[in-house]
Amino acid sequence: MAQLKAGSRVKSAVCNAELMVIAAPAGDVDVRCGGAPMIDIGADGGGAAFDPNFKEGVALGKRYVNESGDLELLCTKPGEGSLSFADEPLKLKEAKPLPSSD
Amino acid sequence: MNLMMLLEMASQGFADRVAFTNGDDTLSYGELFSAAGAAAAAVKASGCEQLAVLDVSSLAVPISLFASAWAGVPFVPLNYRLTDSEIEGLAAQITPAYFVSGDERVDALSKLPDVQVTSRNSFLEEARSGSPPPDLEWSMDPEDIAILLFTSGTTGAPKAAVLRHKHMVSYILGSVEFGGADEDHAALVCVPPYHIAGISAIASSVFAARRVAQLPNFDAEGWLDLARSEKATNAFVVPTMLSRIIDVLEGSETADLPHLRALSYGGGKMPQSVIERAMKLFPSTDFTNAYGLTETSSTICLLDPDDHRAAASSNDPAVRRRLTSVGRPLPSIELSIRDDEGKPLPAGERGEIYVRGEQVSGEYLGRASTLASDGWFPTRDGGSVDSEGYLFVEGRIDDVIVRGGENMSPGEIEDVLLEHPAVSDAAVVGIPDEQWGEAVAAAIVLKEGTSADADELKSWVKQRLRSSRTPQLVAFRDELPYNETGKLLRRVVRTDLGVAAS
C-alpha cells in the first residue's frame with residue numbers, strides 16, 4: 001500500500017509492467033498488478049506471488065481506471081499482470097480521440 | 001513526468017518505425033531514442049545549463065528536444081531570423097548554454113561568453129554514432145523546466161515562457177492517443193522549431209507514433225510538392241501559409257492531395273474567406289482550428305471537422321459565423337470570459353479569456369507567475385463565447401482601442417473591412433488623438449484589379465457598425481507587416497499610421 005501522486009511511477013512486483021499515475025485518491029491506495037501490491041519504481045519485488053485471476057495483461061500506452069474514476073494509470077511498460085484497486089479490477093479507459101491539432 | 005517518457009514509450013512500441021524524415025534522411029524511433037541519449041551525455045559533460053537550438057527544422061531538433069529532457073536542462077529553440085546582436089541579448093539570459101546551430105551562425109555564437117557551440121552536422125553525426133550511457137537516467141520531477149520559449153514580442157520585448165515537464169506531458173496525454181497513427185501516416189511540419197506549434201508537433205507525433213516530414217523553409221509550392229511526395233496525411237499551417245497555398249492553387253478545381261486527411265491551423269486569425277475557399281479546394285480533408293498560446297503548451301480550444309462542416313453548410317448566420325470561431329475547450333481545459341475586475345461574464349459578452357488546466361503554465365523566466373492562486377490564467381486575449389460555448393477570439397487586450405472612453409476591438413472593425421469586395425487585408429489600430437485620446441486608423445491592402453477609396457471604406461464601416469468605430473484615417477498599403485509565423489505586427493502599423501496622420 002502506498003500514497004500515489006499524479007506524475008509518479010509504480011511498477012509491478014510480479015511482471016515487467018510499469019505505470020504512471022494520472023490521478024489517484026488521497027491517502028493510501030491499494031493498487032495491485034497481477035494480484036500483488038504495486039511497488040515504487042526503484043523497489044525490489046521480493047518474491048511476491050502472481051495471482052492467476054489477474055493475468056490479462058496491461059498494454060503499452062493504454063489507460064486504466066477504477067469504477068469511480070478517481071484512480072487512473074497509464075501503462076508506460078507492458079506486462080502480463082492485470083491491474084486492480086484492492087480486488088476491483090481496473091478497466092481500460094475508452095476515450096474519444098481528439099482530432100490532431102498539431 | 002518527463003518528455004522522455006513519451007519517446008521511451010514510442011521507441012518501445014515502434015522501434016523500427018520511421019519517426020522523422022528530412023529530405024532523404026530519416027530517423028526511426030529507436031534511432032531517435034539512442035541519439036537523444038548520446039547527445040544528453042554530451043550536454044551533461046559540457047556542464048551547460050541550457051540546450052539552445054538556433055536553426056531551421058532538421059533531424060537535430062527532435063534529438064535536441066529529447067536530449068535536453070534526458071540531460072535535465074531546458075530546451076531553448078531560438079528564432080534563426082533574429083540578428084546576431086538580438087541573439088546575443090537572448091543568449092545572455094540562458095548561459096551557460098550548449099548551442100546547436102546552422103553552420104552560418106557558428107562563428108558568431110562561438111564569440112559569446114559561456115556558450116559552447118556545435119554545428120548541426122557534427123551534432124547529428126556524434127549523436128547518431130553514439131549510444132545512451134547505461135547509467136544516465138532522466139529525472140521524473142514534473143516541476144523540472146522542459147522548455148524556455150521566447151515569445152514573439154509583437155507587443156513588447158521578448159520574454160521567455162517557462163514550460164515545465166508537467167505542462168507538456170499533461171497536454172500530450174490529454175490530447176493524443178498513444179500509438180494512434182498508422183504506419184503509413186505522415187505529418188507535414190512546416191512551422192519553425194521556435195514556435196510552440198513546432199514543438200508540440202514533435203511531441204504529439206512521437207506519442208502518436210506518427211512519422212513527421214520536416215519542411216525547413218515554408219513556401220507554398222514546396223509545401224504542396226512535399227505533401228504529395230511524402231503522401232502527407234496530416235499537416236498544420238498558420239493562416240498566412242494557408243492563404244499562400246490557396247493563391248498557388250488559384251484556378252484549380254481541387255488541391256489534388258488525396259492523402260491529406262487532416263489539415264489543422266492556428267497561430268493567428270483565419271479570415272473567413274480563406275477557410276471557405278480552402279474547404280472547397282480540399283473537399284476530402286478534415287479541417288481543425290486549434291487555438292492556444294505558448295503559455296498554455298499549445299492547443300486549448302478546437303473547432304473540429306464536424307463543426308467546420310456544420311458551419312459551412314448552415315443557413316443560420318449564428319452557426320455559419322462559427323467558421324471564424326476557435327471552437328470549444330479541450331476536455332481537460334476550463335474556460336471563462338471575465339470583465340476588467342475578473343468577474344465571469346455570461347455568453348455573448350466580451351471580456352478577457354481566462355483558462356485553467358494542467359497544461360497551463362502562465363509563467364515567465366525571472367518573473368512571478370501570472371496564474372491566480374486558484375490556477376486561472378488571464379490570457380490577455382479578448383473574446384466571447386456564444387450560446388453553445390464556441391469561443392470567438394478578438395485579439396490582444398493590449399491592442400484594444402480606447403476612443404473617448406469607449407473600448408473597441410480592432411478585430412471587429414477589421415472583420416467588417418474584410419467583407420468589402422475590394423479589400424484583401426486590413427489592420428486597424430489606435431493612433432494618438434488630441435480630442436479622443438485615441439483615434440481609429442486602418443491600413444488597407446486592396447485586391448489586385450479592384451479599387452475603393454478611403455471615403456467608401458469609411459462609409460462601409462459606418463453603415464455596419466457604430467459611427468465611433470468608423471476609421472478616421474484609411475491608408476492604402478501594398479502589404480501589411482507580418483512576422484514569419486503570420487502574426488500581424490501591430491506596433492509597426494501603429495507607428496506607420498501615426499506618422500501618416502501627422
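Throughout, protein chains are lettered first and strands after them, A, B, ... in sequence-line order, and every chain is numbered starting at 1.
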From B/N234 atom CG to A/S101 atom OG, the distance as rounded to the nearest 0.5 Å: 10.5 Å
Inspect the surroundings of CD in A/E88 and state if more than 12 heavy atoms from other residues, nucleotides or ligands are less than 6.0 Å away. yes
Check this for me: B/D184, atom CG, are more than 12 non-hydrogen atoms of other residues, nucleotides or ligands nearer than 6.0 Å? yes
With a 6.0 Å cut-off (strictly less than), is the heavy-atom count around CD of A/E72, excluding the residue itself, greater than 12? yes
CE-CZ distance between B/M1 and A/R9, expressed to the nearest 0.5 angstrom: 11.5 Å
Quick one: which of B/L302, B/L263, B/V189, B/I196 has the most heavy-atom pairs under 4.5 Å with chain A, could you say? B/L302
Atom group of B/L173 that falls short of 4.5 Å from chain A, counting heavy atoms: both
Does a sphere of radius 6.0 Å around CG in A/N16 hold more than 12 heavy atoms from other residues, nucleotides or ligands, not counting ones at 6.0 Å or beyond? no
B/E8 side-chain N/O to A/K77 backbone N/O, donor-acceptor pair under 3.5 Å: no
Heavy-atom count around B/R261 CZ within 6.0 Å, excluding the residue itself: above 12? no
Which heavy-atom pair separates B/G174 from A/L98 by the least distance, and what is that distance? O-CD1, 3.7 Å
Identify which part of B/F14 has an atom lying under 4.5 Å from any heavy atom of chain A, answering side chain, backbone, both or neither. neither
Which heavy atom in B/T288 sits nearest to a heavy atom in A/P99, and how many Å separate them? OG1-CB, 3.6 Å
Output for pair (B/D141 CG, A/S8 OG), nearest 0.5 Å, gives 11.5 Å
Residue from B/S200, B/G179, B/S175 scoring the most non-hydrogen pairs under 4.5 Å with chain A is B/S200
Atom group of B/S298 that falls short of 4.5 Å from chain A, counting heavy atoms: side chain
CD of B/E137: more than 12 outside heavy atoms within 6.0 angstrom? no
Please rank B/P305, B/G13, B/S170, B/S264 by heavy-atom pairs under 4.5 Å with chain A and give me the top one. B/S264
Identify the heavy atoms of A/G61 and B/F178 that sit nearest to each other, and give their distance. CA-CD2, 3.3 Å
Heavy-atom pair with the smallest gap, counting every atom of A/L60 and B/M9: CD2-O, 3.5 Å
Do the side chains of A/I41 and B/M140 get nearer than 4.5 Å, heavy atoms only? no
